[in-house]
Amino acid sequence: MADNVIVLKTRMSLAEPDESRFRIRYAEALNAQQLAAVVHRDGPLLVIAGAGSGKTRTIIYRVARLIESGISPAAILLLTFTRRAAQEMLRRVEQLIGERGGQVSGGTFHSFANQVLRRYGNVIGLKPNFTILDRSDMEDIINLLRSRMGLGTKERRFPKKGTIAEAISMARNKNRALKQELEFDFPHLLEHEPELIHLADQYETYKRERGVLDYDDLLFRLAELLNQHENLRRRLSETYRYILIDEYQDTNVIQAELVRQLAATHHNVMAVGDDAQSVYSFRGANFRNIMDFPALFPDTRIIKLEENYRSLQGILDLANDVISRASEKYTKVLFTQRGGQARPLLVRAADEHMQSRFIAQRILELREEGVALDEIAVLFRSSFHSFDLELELQRRDIPFVKRGGFKFIETAHVKDVLAHLRVVVNPTDAISWMRALVLVDGVGTRSAERLIEAIIHADQPEEQLARDAGKLGPRLQKAAAGCAALGVLISKLRSHQGRPAEQLAAVIEYYLPIMRDAYRDDYPKRERDLEHFQNLAERYRSLESMLADMALEPPSDSIGDVLAVDPEEGYVTLSTIHSAKGLEWRVIFLMWVADGRFPGPMSVRPEELEEERRLMYVAITRGRDELYLTYPIYMMDRSLGYVMGRASRFIDDVDASLLPTAMLQEAEDLV
């Protein structure tokens, strides 16, 4: 009797699936480079996505393709740098393939770390109700410890809390010892090295004792968890069999290490980014991550997206020329199918004011030509570069908004309200208790510290507060009554099981009289911010999730300063290049493209100059149709007076066929 025959399918048949079984016609929806990235199945993949090349579309279709290929949505992890970006991508996946797209895990590195630590952090001593500190909270704790250590009373000046926080954070994001970070980026602080190292140690102890984490801790404690517990690392890696990372060039050392750990059992990592847009080293981003990805993941396949869907070819030709001179890069050449032959223009002005007048005049001309004001942006290397232009725009009644200033979450009145909610979730959060208590009339820092020491160790903190407030003595009856009212509020919030919006409303009702007394000059604007906060709170069902979101990715701006703008008229955007990354406008003015301004005088090391070159590339590629680069011939220097300006070294030797030059003249000079 003959043996039964079993036919094995060839590898070729597995590599070339039957396209007819897919609902989406991928070859029709994508260009050849995008399609190659989307159909890639297993193994590491690095997608070098040039500006405007459709990287988001590529990621979305790859997620859809994986699901259509039979991969469980729960096995896919999409990591981005903003929650909004992740939500938008997953919404579009859901539009493509239905509700299965909504089952994909997606979010920022920090939000993912937050979820894992709240679920598994107990094995490294973390309680699931830990509080997340923002930068202002971090600085307040450092200032408290600084005072306790007597470092602010020495005869020699000691660094401020913000500077100390920046040094500690940068050391951690660059994975350096604080001593090394001081030597590299803060040499002027080296005389305080022993005290700063001791203060940093005290700060770590303080956080661990009180169950709070700062923003950097989320990544570090997750790395600690995965390093120390192999079983958990393997479980997470086997859960998330396909990992996709957007904007990989913006990752820091710890984030790259987390990717390596999460992919430990499979190496199915798709990293999407653009080395030419790596411009956030000041936040700890590491250019080497994207350059060394093939070394970290052997057998990496590299695909380049070079077709641009945003800009005219003239703008792309200039961008290609600028970045072609980079010392280290993934070579790519951007091209477009768009018609139109407009070239960027380099405009030389006699001085700064003439530069401002030209920009304002051209904006008004564009408006008359039918270009909406909100389709126009003026970009600059540093925020102070636009001061003269702002005055000129105001003189000509051109409405504008400037990207920057205080974040919504950093305003004092919003932080005050948040502090009351945080102690409800985490009664041992001493820094939030401090903020809430010093708002009580008659309670100072010393009294608050004495009260807090008992509160955070009590089973019923609001009752402990009421008891201790009664011991403040007859001279502090007003303070005692205020503390009692605060205790009643906290008790009400802790026993309330309603929605976060209802709890927030109770805090605002309590806080409004305090705010109106403290901010008599502008409390109406602050009230509008709290109304805005109330609207945001309506989205949440859990107070914990709302507080986590506020710390992980807070709303961007206070709304008070833009209420006067007529929405029908729109407004011109003024922005630093860093704040403009990822955005686009029909017309771009890039001002102060002069050596000494761009690159700035502080950029002297080769790696710093290379990042400045990449920043120029980012600025150029924000424009769709028109691009004007401007600089003044005579520039004011504080020490030298007026000096002759020259075009930025990044464009100084660009061929005139790519970047023609125009010289501004006064109208009367032409008569």
Side-chain angles (χ1 to χ4, degrees), residues 33 36-50 53 55 58-59 62 77-81 109 112-113 170-177 180-181 184 219-220 222-224 226-227 230 233-234 236-238 240-281 283-306 323-333 605-611 613-614 617:
Q33 295 168 316
V38 166
V39 301
H40 176 88
R41 178 64 179 267
D42 293 335
L45 173 65
L46 176 61
V47 178
I48 302 299
S53 62
K55 71 175 181 65
T58 304
I59 294 171
R62 176 161 162 79
L77 174 63
L78 172 60
L79 295 174
T80 68
F81 277 83
F109 277 91
F112 175 74
M170 190 62 75
R172 302 176 75 199
N173 281 301
K174 292 189 174 181
N175 203 25
R176 293 174 177 156
Q180 291 177 308
E181 178 58 28
F184 196 82
L219 301 184
F220 272 81
L222 177 57
E224 175 188 336
L226 297 181
N227 276 320
E230 183 180 352
R233 179 173 71 245
R234 179 171 292 276
L236 288 174
S237 182
E238 290 174 348
Y240 301 111
R241 300 289 300 172
Y242 291 88
I243 301 173
L244 299 85
I245 308 106
D246 189 20
E247 302 286 8
Y248 191 76
Q249 78 281 348
D250 294 337
T251 55
N252 61 30
V253 175
I254 303 302
Q255 287 163 330
E257 172 62 14
L258 288 174
V259 171
R260 187 190 67 80
Q261 291 176 329
L262 290 171
T265 64
H266 50 73
H267 285 195
N268 294 328
V269 178
M270 176 188 182
V272 183
D274 186 1
D275 55 297
Q277 296 188 68
S278 179
V279 294
Y280 288 127
S281 65
R283 296 182 187 169
N286 190 344
F287 174 70
R288 295 250 48 92
N289 284 352
I290 194 165
M291 300 308 296
D292 295 342
F293 184 88
L296 186 63
F297 293 100
D299 301 320
T300 291
R301 183 183 180 190
I302 300 175
I303 295 174
K304 301 173 185 177
L305 305 185
E306 298 172 294
I323 205 63
S324 70
R325 304 165 197 265
S327 61
E328 188 176 9
K329 60 188 177 296
Y330 288 103
T331 302
K332 59 184 176 299
V333 179
R605 295 193 290 248
E607 64 272 19
E608 293 170 339
L609 288 172
E610 284 301 302
E611 180 157 329
R613 180 186 300 280
R614 297 192 293 268
Y617 171 90

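Across A285 and D250, no two heavy atoms sit closer than the pair CB-O, 3.5 Å. Closest of all the heavy-atom pairs between I290 and G273 is CD1-C, 3.8 Å. Summarising the geometry of A263 relative to S237, their closest heavy-atom pair is C-OG, 3.8 Å, with the distance given to 0.1 Å. Here the shortest heavy-atom pairing between I302 and P294 reads CD1-CG, 4.1 Å. The two atoms that bring A256 and L296 nearest to each other are O-CD2, 4.2 Å, heavy atoms only. Here the closest non-hydrogen pair linking P44 and P298 is CG-O, 3.6 Å.
For E610, the side-chain contact (heavy atoms from CB on, under 4.5 Å) partners at least two apart in sequence or on another chain are A326, S327, R613, R614. Contacts of H40 classified as ring-ring contact (aromatic ring centres under 6.0 Å, His included), with partners at least two apart in sequence or in another chain: none. Legend: residues meeting side-chain contact (heavy atoms from CB on, under 4.5 Å) with L609, ordered by chain and number and at least two apart, are P599, S603, R649. Applying the side-chain contact (heavy atoms from CB on, under 4.5 Å) rule to E257 yields the partners N227, R260, Q261; only residues at least two apart in sequence or on another chain are considered. With sequence neighbours left out, the side-chain contact (heavy atoms from CB on, under 4.5 Å) criterion links D42 to Y242, N268.
For the pair I245/M270, no side-chain contact is recorded, criterion being any heavy-atom separation below 4.5 Å from C-beta on. Taking 4.5 Å as the limit, some side-chain heavy atom of L244 sits within range of a side-chain heavy atom of R62. Within the 4.5 Å cutoff, no side-chain heavy atoms of V279 are placed close to those of Y617. Counting only heavy atoms from C-beta outward, the side chains of K329 and I48 never approach each other to under 4.5 Å. Within the 4.5 Å cutoff, the side chain of E611 has no heavy atoms near those of the F287 side chain. Here the side chains of T265 and R234 are in contact, with some heavy-atom distance below 4.5 Å. Residues V272 and T58 are not in side-chain contact: their nearest non-hydrogen atoms beyond the backbone lie 4.5 Å or more apart. Residues V269 and L45 are not in side-chain contact: their nearest non-hydrogen atoms beyond the backbone lie 4.5 Å or more apart.
Applying the side chain to side chain donor-acceptor pair (under 3.5 Å) definition to pairs two or more places apart or across chains, those involving residues 291-304 are R288-D292.
Remark: M291 CE to Y330 OH distance equals 5.0 Å, nearest 0.5 Å. Expressed to the nearest 0.5 Å, how far CZ of F81 lies from CD of E247 amounts to 7.5 Å. If you take CG on L79 and OG1 on T251, they are separated by 11.0 Å, rounding to the nearest 0.5 Å. Distance check, rounded to the nearest 0.5 Å: CE of M170 to OG of S281 gives 7.5 Å. To the nearest 0.5 Å, atoms CG (L262) and CG (L226) are separated by 6.0 Å. Between atom CG of residue L219 and atom CG of residue N175 there is a gap of 11.5 Å, rounded to the nearest 0.5 Å.
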Before giving the answer on side-chain contact (heavy atoms from CB on, under 4.5 Å), spell out for I254 and F109 the whole-Å C-alpha distance, their side-chain angles and the decisive distance to 0.1 Å.
CA-CA 10 Å; I254 303 302; F109 277 91; over 6 Å; no
Using the side-chain contact (heavy atoms from CB on, under 4.5 Å) rule, take V253 and R176 through it: C-alpha gap first, then chi angles, then the decisive distance, then the call.
CA-CA 10 Å; V253 175; R176 293 174 177 156; over 6 Å; no
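E181 has no carboxylate O lying under 4.0 Å from a charged side-chain N of R172, or vice versa, which leaves the two without a salt bridge.
Note: F293 and Y248 have perpendicular aromatic rings, judged against thresholds of 30 and 60 degrees for the angle between ring planes.
Remark: the N286 side chain and the N252 side chain contain no N/O donor-acceptor pair separated by less than 3.5 Å.
No donor-acceptor pair under 3.5 Å is formed between the side chain of Q277 and the backbone N or O of D274.
Within a 6.0 Å sphere centred on CZ of R325, other residues, nucleotides and ligands contribute more than 12 heavy atoms.
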